[in-house]
There are 2 protein chains.
Amino acid sequence: MAAKRSGARSKRGINERLQPVQEPRSEPPLSRERIVATAVELLDAQGVDGLTMRRLADRLGSGVMSLYWHVDNKEDVFDLALDSVLEYRGPPQIVESRDWRGEVVHMLEDWRASMLRHPWSASLLPRRALGPNILSRLELLSKALSRAGVADADLNVVIWSLWNYVMGATITRASFDLSDDDRAAAQQRLTRLSERYPTIERSRLLLDNDWGGTFRKGLGFLLDGLSPG
Amino acid sequence: MAAKRSGARSKRGINERLQPVQEPRSEPPLSRERIVATAVELLDAQGVDGLTMRRLADRLGSGVMSLYWHVDNKEDVFDLALDSVLEYRGPPQIVESRDWRGEVVHMLEDWRASMLRHPWSASLLPRRALGPNILSRLELLSKALSRAGVADADLNVVIWSLWNYVMGATITRASFDLSDDDRAAAQQRLTRLSERYPTIERSRLLLDNDWGGTFRKGLGFLLDGLSPG
DNA sequence: ACCTGAACACCGTTCAAGT
DNA sequence: ACCTGAACACCGTTCAAGT
């Protein structure tokens with residue numbers, strides 16, 4: 001390959017300079033990390049249905065079957081891609097650690113934001129095993145809530161309620177990120193039917209697109225209900 | 001078909017009686033309704049990945065391409081199957097209609113139960129357009145909450161919070177209905193890692209399988225937080 | 001109006017083989 | 001240890017054709 005390169009240089013001279021420095025033709029060797037990173041790229045670009053072992057191999061510049069040396073199967077790729085996207089680095093130090101509510105809100109909003117950066121991840125998460133990054137988020141949640149005075153008997157209910165809320169909100173939000181065609185069609189059908197749903201129509205339920213604000217307010221309501229005392 | 005049948009009778013005489021009355025060999029003609037009903041059967045039996053246009057046609061005793069006369073494409077089949085499963089017949093008359101909270105809880109628990117009867121439906125729902133059966137559930141919810149005194153400015157937040165909670169809970173629950181193999185594997189991995197997540201371990205968060213009770217209690221907390229005053 | 005088979009452009013994965 | 005191509009058993013859907 002080095003030979004190939006110097007050959008090209010002597011043949012084309014200055015033209016060589018037009019190529020970017022990083023030498024696009026020669027791929028680094030395959031590895032688990034490279035496969036996962038490229039899978040995330042592909043998922044971001046094409047969605048869940050866009051991830052194909054063949055396309056993934058193409059992007060990596062390898063044969064399809066080479067992937068199977070590093071990875072069990074396609075399911076495995078999904079699991080690895082998902083977990084790689086859910087790491088939590090913790091709250092900024094500014095957040096006073098006595099403020100359990102601030103800590104919980106920060107972690108959950110970060111969770112939502114991480115998933116929305118990779119919209120395929122939200123709907124995938126509940127179908128997959130709980131990876132280490134998910135488990136440590138749950139651990140953090142448990143600790144904060146215990147500290148807040150939630151009774152042991154209520155702890156699981158409280159955690160699952162928060163989980164349900166965040167998952168439901170994020171999956172719904174991510175699913176509305178559809179193509180403009182789909183949105184237009186849905187909107188049109190709705191206005192056609194709107195006289196049958198007057199209350200929804202009046203409150204403009206389906207046009208409300210301050211997703212972030214709605215998420216935050218709802219989370220506030222939920223925490224009000226969950227807090228002891 | 002009538003002609004074919006009487007022909008068989010005159011030829012085989014009493015043997016005819018051995019066949020069940022409904023004549024299993026001759027399928028009724030294809031129709032949208034029959035396709036949707038069979039799709040639901042297939043989804044119940046084999047899950048989302050089990051629904052295949054070819055398998056669906058097999059069950060219906062028709063050629064694959066015959067389906068496309070009645071149905072746009074596979075997406076269409078999903079939409080129709082989903083909506084067909086979400087009809088709401090309303091609360092029993094015993095429920096006093098002044099009791100907004102009882103009405104809301106009844107509808108949401110029925111919603112959850114309907115989806116859990118067809119576990120593929122929960123994870124499908126957020127990805128699909130809002131069909132008429134979903135819209136009337138939302139309409140009912142809006143009315144009940146307005147009656148309960150929720151301010152117009154809060155109405156959308158409250159509705160979406162309930163939606164998020166129910167969807168998150170049901171999708172999560174439905175996804176845990178995996179094969180025993182998967183469960184065993186997940187369980188094993190968890191106990192291996194459990195020392196890193198002491199609080200989760202202590203509260204037995206992932207072993208808690210009173211899903212119904214947890215759902216109901218969490219919903220109660222949420223309604224506490226959402227209720228005005 | 002309703003149904004059909006052949007064909008196309010894809011899939012994930014097994015296997016036997018290469019280096 | 002790592003990579004490969006051929007082959008298998010599937011997909012959804014287009015198309016041109018049948019009744």
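Predicted model, so just to flag it, every value in this text is computed and none were measured.
You'll find that the side chain of B:His70 is closest to C:dC3, out of C:dC3, D:dT14, D:dC3. When each of D:dT13, C:dC11, C:dT14 is scored by its nearest atom to the side-chain atoms of A:Arg54, the top-ranked nucleotide is C:dC11. Among C:dC2, D:dT13, C:dT4, the nucleotide with an atom closest to any side-chain atom of B:Tyr68 is D:dT13. Candidate nucleotides C:dC3, D:dT4, D:dG12 were compared by shortest atom distance to the side chain of B:Met53, and D:dG12 ranks first. Checking D:dG5, C:dC3, D:dA1 against every side-chain atom of B:Ser66, the shortest atom distance belongs to C:dC3. The side chain of A:Met65 sits closest to D:dT4 out of C:dT4, C:dC2, D:dT4. Distance from the side chain of A:Lys74 is smallest for C:dT13 among the nucleotides D:dG12, C:dC3, C:dT13. Ranking C:dT4, D:dC11, C:dT13 by closeness to the A:Val64 side chain, first place goes to C:dT13.
Between A:Leu67 atom CG and D:dG5 atom C1' there is a gap of 14 Å when expressed in whole angstrom units. The separation between B:Phe78 atom CZ and D:dC11 atom C1' is 13 Å, rounded to whole Å. Here D:dT14 presents its P atom at 15 Å from CH2 of B:Trp69, a figure rounded to the nearest Å. Atom pair B:Asp76:CG and D:dT13:P shows a separation of 10 Å (rounding to whole Å applied). Nucleotide C:dC10 holds its P atom 16 Å from the CG atom of A:Leu51, rounded to whole Å. Regarding A:Asp49, its CG atom lies at a distance of 12 Å from the C1' atom of C:dC11, rounded to whole Å. Put simply, CG on B:Asp58 is 12 Å from P on C:dT4, counting in whole angstrom units. If you take CG of A:Leu56 and P of C:dC11, they are 12 Å apart, rounded to a whole angstrom.
Close to D:dC10, at under 4.0 Å from its OP1 or OP2, lies no side-chain N or O of B:Arg55. Between B:Thr52 and the phosphate of D:dC11, there is a side-chain N or O to OP1/OP2 separation shorter than 4.0 Å.
Looking at B:Thr52, its side chain never comes within 3.5 Å of a backbone N or O of B:Arg55 through a donor-acceptor pair. Between the side chain of B:Arg112 and the backbone N or O of B:Thr170 there is no donor-acceptor pair closer than 3.5 Å. Looking only at distances, a side-chain donor or acceptor of B:Arg32 sits under 3.5 Å from a matching main-chain atom of B:His70. No donor-acceptor pair under 3.5 Å is formed between the side chain of A:Asp76 and the backbone N or O of A:Val71. The backbone N or O of B:Trp160 sits less than 3.5 Å from a side-chain atom of B:Asn164, completing a donor-acceptor pair. Listed for the A:Tyr165 side chain is a donor-acceptor partner under 3.5 Å among the backbone atoms of A:Phe215. Checked by atom type and distance alone, the side chain of A:Arg137 pairs as donor or acceptor with a backbone atom of A:Glu87 at under 3.5 Å.
Of all nucleotides present, only D:dG5 satisfies the Watson-Crick or G-U wobble test against C:dC15, with each distance under 3.5 Å.
Nucleotides D:dC11 and C:dC8 are separated by 12 Å at their C1' atoms, to the nearest Å. Spacing between C:dA9 and D:dC10 at atom C1', rounded to whole Å, works out to 13 Å. Nucleotides D:dA16 and C:dC3 place their C1' atoms 13 Å apart, quoted to the nearest Å.
Checking A:Gly63 against B:Asn73, the closest nucleotide of DNA chain D that is more toward the 5' end is the one next to A:Gly63.
Rounded to the nearest 0.5 Å, atoms CD (B:Glu201) and CG (B:Leu206) are 9.0 Å apart.
For DNA chain D, no neighbouring residue in residues 32-47 of chain B is found when judged by any heavy atom under 4.0 Å.
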